[in-house]
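Structure first, then comments.
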There are 2 protein chains.
Amino acid sequence: MEPNRFERLAPTPTYQRVAEAIENDILGGKLQPGDRIGTEADLVRQFGVNRSTVREGIRLLEQGGLIRRDQSRRLYVSLPRYNRLATRVSRALVLHQVTFREVWEAAMTLEAATAEAAAARATAEDIAALEDNLARMAGITDHQAFCEADSDFHALLARVSKNRVLELAREPVGLLFTPTLKMIMDQVASAGPRNLEAHRHLIEACRSHDPATARDWMRRHIADWRRGFEIAGKSLDDPIERTFAAHLGLPGAYR
Amino acid sequence: MEPNRFERLAPTPTYQRVAEAIENDILGGKLQPGDRIGTEADLVRQFGVNRSTVREGIRLLEQGGLIRRDQSRRLYVSLPRYNRLATRVSRALVLHQVTFREVWEAAMTLEAATAEAAAARATAEDIAALEDNLARMAGITDHQAFCEADSDFHALLARVSKNRVLELAREPVGLLFTPTLKMIMDQVASAGPRNLEAHRHLIEACRSHDPATARDWMRRHIADWRRGFEIAGKSLDDPIERTFAAHLGLPGAYR
DNA sequence: AAATCGACTTTGTCGGATAAACCGACAGGC
DNA sequence: GCCTGTCGGTTTATCCGACAAAGTCGATTT
């Protein structure tokens, strides 16, 4: 058989072109975040297509986070939320059956860099927020709540790093870690205290603006997680279980 | 007025619930990638809603990459593509007006970790692919094509790292780097040769399975980029220009 | 000025319709 | 046997029209 000489010839569906047209105006700066987009009827008029078609196009943008509806359901331009993006990335990783080893290795890199940057740039306010989280966490006995607080701590630290690229890159890894930490805590008694100790040292490193120490403690912290994972009898080379993904889907993934 | 004591009580629109229902089956493993989803008429029957509603729900999943249509336009479950996710993340970063400094810092971390892992795990085949890219790149004079080949090299190296979490985390950074490299090459004559030299050393480090050297050269490589950037007269603390995002949107962001 | 009310607007969902594209099968020509 | 043209049945993309619920907004009342 002949090799492929020609591209597939497929006209772009109208609803996609509607979405692209609006997206281009947003990316091009003609529409700023916060700007209102017309009503569906307006778009029908402007694009000269049916309302159903407009609505399908809007769904695409809405799902991509570029536009949103306020409580009155009117459309306006919006900034995609990190949260949503991170959720999608996490889900994709799970569906691609990445292993814990991959996640762990990435966490080692990303969390360490985050901690380093955070230590370099933490303000007094930042440190207060971290302290606050630590205090709250120390008082929690419920494992689930503890894990969520831990997750918050790392997200907070990423915020403190003042590097939004790192912050966003780290987020999916954090989402995948949290449910496993719960599992570890259920089986390894020392996990909680060690966790708190690491956080304490991380805050201390931030306070003294000591990136090297922050990095060091974070690496220890992540290494601890791995040890706990193995003690709990899990293999690093197993793909992440689907059950962890269910936790990622709901609720309001499309809100 | 009282502060908000209760959540806003809003029923989830039907089209979202359609999307969530299908998504749950996918995340729960009841639907595997490759499985066909019924026709729209089937879904209409199963969910007991109107076809327009089904279609709006389908758009959400389609845009999220969880389902796709083959050339016959029938629906089937699919794995979200890295490419698409990375594009969305990059766009979000641009819209959030992250600075080059943030991107650069993240690249330093991510690319270095990627190179390290790649050097540790490269097979003979991997190295051949990298060599191939290098040879091709050495023969290119057009700046645009050169930059694209450079982008391919880094993507390839990430593939070689055999860590899909790192690979995916790195991708958006790569997308943001590429257009700036073009700009640098247009103004700094030495950029091309230095680029090639770094790639050559990285391949060499992969061949001798020397992660430390790979890391080192990658850091130098990224540092070079920064120097070029500054020589070209740009400030690291400026937000990434929107024009770079236009390059990210098209074409077929929704295909 | 604040609360209230009613007309108007907009969205979410629905039922139905048409043209075009796709698929599979089948017949005829080489 | 392989290729091509044709035909009917499916499925999708788009359109039209309609209606109830929820939101908006200005006029009215307190």
Side-chain angles (χ1 to χ4, degrees), chain A residues 1-22 31 34-63 66-78 251-255, chain B residues 1-2 4 6-22 31 34-63 66-78 251-255:
Chain A
M1 193 180 69
E2 283 285 318
N4 292 348
R5 298 258 298 98
F6 300 105
E7 294 283 324
R8 181 172 183 79
L9 215 49
T12 310
T14 311
Y15 67 88
Q16 282 184 15
R17 300 199 314 178
V18 168
E20 281 168 16
I22 298 173
L31 286 170
D35 285 357
R36 296 219 167 288
I37 296 184
T39 65
E40 293 178 4
D42 288 335
L43 297 176
V44 165
R45 190 158 16 78
Q46 293 178 49
F47 288 116
V49 299
N50 191 271
R51 187 154 82 102
S52 306
T53 308
V54 165
R55 282 173 66 81
E56 288 185 34
I58 285 174
R59 293 299 162 239
L60 295 184
L61 295 169
E62 198 179 28
Q63 213 277 349
L66 280 179
I67 70 181
R68 226 179 310 168
R69 311 189 95 109
D70 59 15
Q71 125 225 70
S72 80
R73 295 185 184 154
R74 276 196 291 221
L75 293 167
Y76 64 100
V77 180
S78 125
Y254 298 109
R255 201 83 43 94
Chain B
M1 190 180 74
E2 282 285 316
N4 292 347
F6 300 104
E7 293 285 324
R8 182 172 186 78
L9 217 47
T12 310
T14 311
Y15 67 87
Q16 283 183 16
R17 301 201 320 194
V18 168
E20 282 168 15
I22 297 173
L31 286 171
D35 285 357
R36 293 218 169 289
I37 296 183
T39 65
E40 292 178 5
D42 288 337
L43 297 177
V44 165
R45 190 157 15 80
Q46 292 178 49
F47 288 116
V49 300
N50 191 270
R51 183 157 162 247
S52 308
T53 307
V54 166
R55 282 174 66 81
E56 288 185 33
I58 285 174
R59 293 299 162 239
L60 295 183
L61 295 170
E62 196 180 31
Q63 213 276 349
L66 280 180
I67 70 181
R68 226 181 309 169
R69 293 181 182 275
D70 59 15
Q71 98 218 105
S72 79
R73 294 183 189 158
R74 276 198 285 233
L75 292 167
Y76 64 100
V77 179
S78 128
Y254 297 109
R255 202 83 45 93

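Letters A, B, ... are given to chains in the order of the sequence lines, protein chains preceding strands, and every chain is numbered from 1.
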Legend entry - Rounded distance in Å - CZ (A:R55) to C1' (D:dT14): 15 Å

Inset, instruction - Assign A:R59 to base, sugar-phosphate, or nothing according to its heavy-atom contacts below 4.0 angstrom with the strands shown. - result: sugar-phosphate

Inset, instruction - Could you tell me the separation between the CZ atom of A:R74 and the P atom of D:dT24, rounded to a whole number of Å? - result: 6 Å

Inset, instruction - Name every residue in residues 36-48 of chain A that has at least one heavy atom under 4.0 Å from any atom of DNA chain C, in order of residue number, or write none if there are no such residues. - result: A:T39, A:E40

Inset, instruction - May I ask you to verify whether the side chain of B:R51 and the base of D:dA13 hold a donor-acceptor pair under 3.5 Å? - result: yes

Legend entry - Minimum heavy-atom distance A:Y15-A:T53, with the two atoms named: CB-O, 3.6 Å

Legend entry - Covered region of DNA chain C, 5' end to 3' end, by chain A [heavy atoms, under 4.0 Å]: C:dT10 to C:dC22

Legend entry - Spatial distance of atom CD (B:E40) from atom OG (B:S52) [nearest 0.5 Å]: 9.5 Å

Legend entry - Close side-chain approach of B:V54 to B:Q46, heavy-atom, < 4.5 Å: no

Inset, instruction - Ignoring backbone atoms, establish whether A:N50 has a side-chain N or O less than 4.0 Å from OP1 or OP2 of D:dT14. - result: no

Legend entry - Any A:T14 side-chain nitrogen or oxygen under 4.0 Å from OP1 or OP2 of D:dT14: yes

Legend entry - Stepwise side chain to side chain contact (heavy atoms under 4.5 Å, CB included) check, B:L43 with B:V18: CA-CA 9 Å; B:L43 297 177; B:V18 168; 5.9 Å; no

Legend entry - Separation of B:I67 CD1 from B:L31 CG (nearest 0.5 Å): 10.0 Å

Legend entry - Atom pair CD (A:E20) and CG (A:L60), whose distance is rounded to the nearest 0.5 Å: 9.0 Å

Inset, instruction - Name the residue closer to the 5' end of DNA chain C, choosing between B:D70 and A:S52 according to the nucleotide with the nearest heavy atom. - result: A:S52

Inset, instruction - Take B:Q63 and A:R59, measure what side chain to side chain contact (heavy atoms under 4.5 Å, CB included) needs, and give me the verdict at the end. - result: CA-CA 9 Å; B:Q63 213 276 349; A:R59 293 299 162 239; over 6 Å; no

Legend entry - Per A:Y15 side chain, nearest of listed nucleotides D:dT24, D:dT12, D:dT14: D:dT14

Inset, instruction - Could you walk me through whether A:V49 and A:E56 pass side chain to side chain contact (heavy atoms under 4.5 Å, CB included), step by step? - result: CA-CA 11 Å; A:V49 299; A:E56 288 185 34; over 6 Å; no

Inset, instruction - Could you pick out which residue, A:V54 or A:R73, lies toward the 5' side of DNA chain D when each is mapped onto its nearest nucleotide? - result: A:V54

Inset, instruction - Please test A:R73 against A:E62 for salt bridge (Lys or Arg N to Asp or Glu O under 4.0 Å), starting from the C-alpha separation and ending with a verdict. - result: CA-CA 12 Å; A:R73 295 185 184 154; A:E62 198 179 28; over 6 Å; no

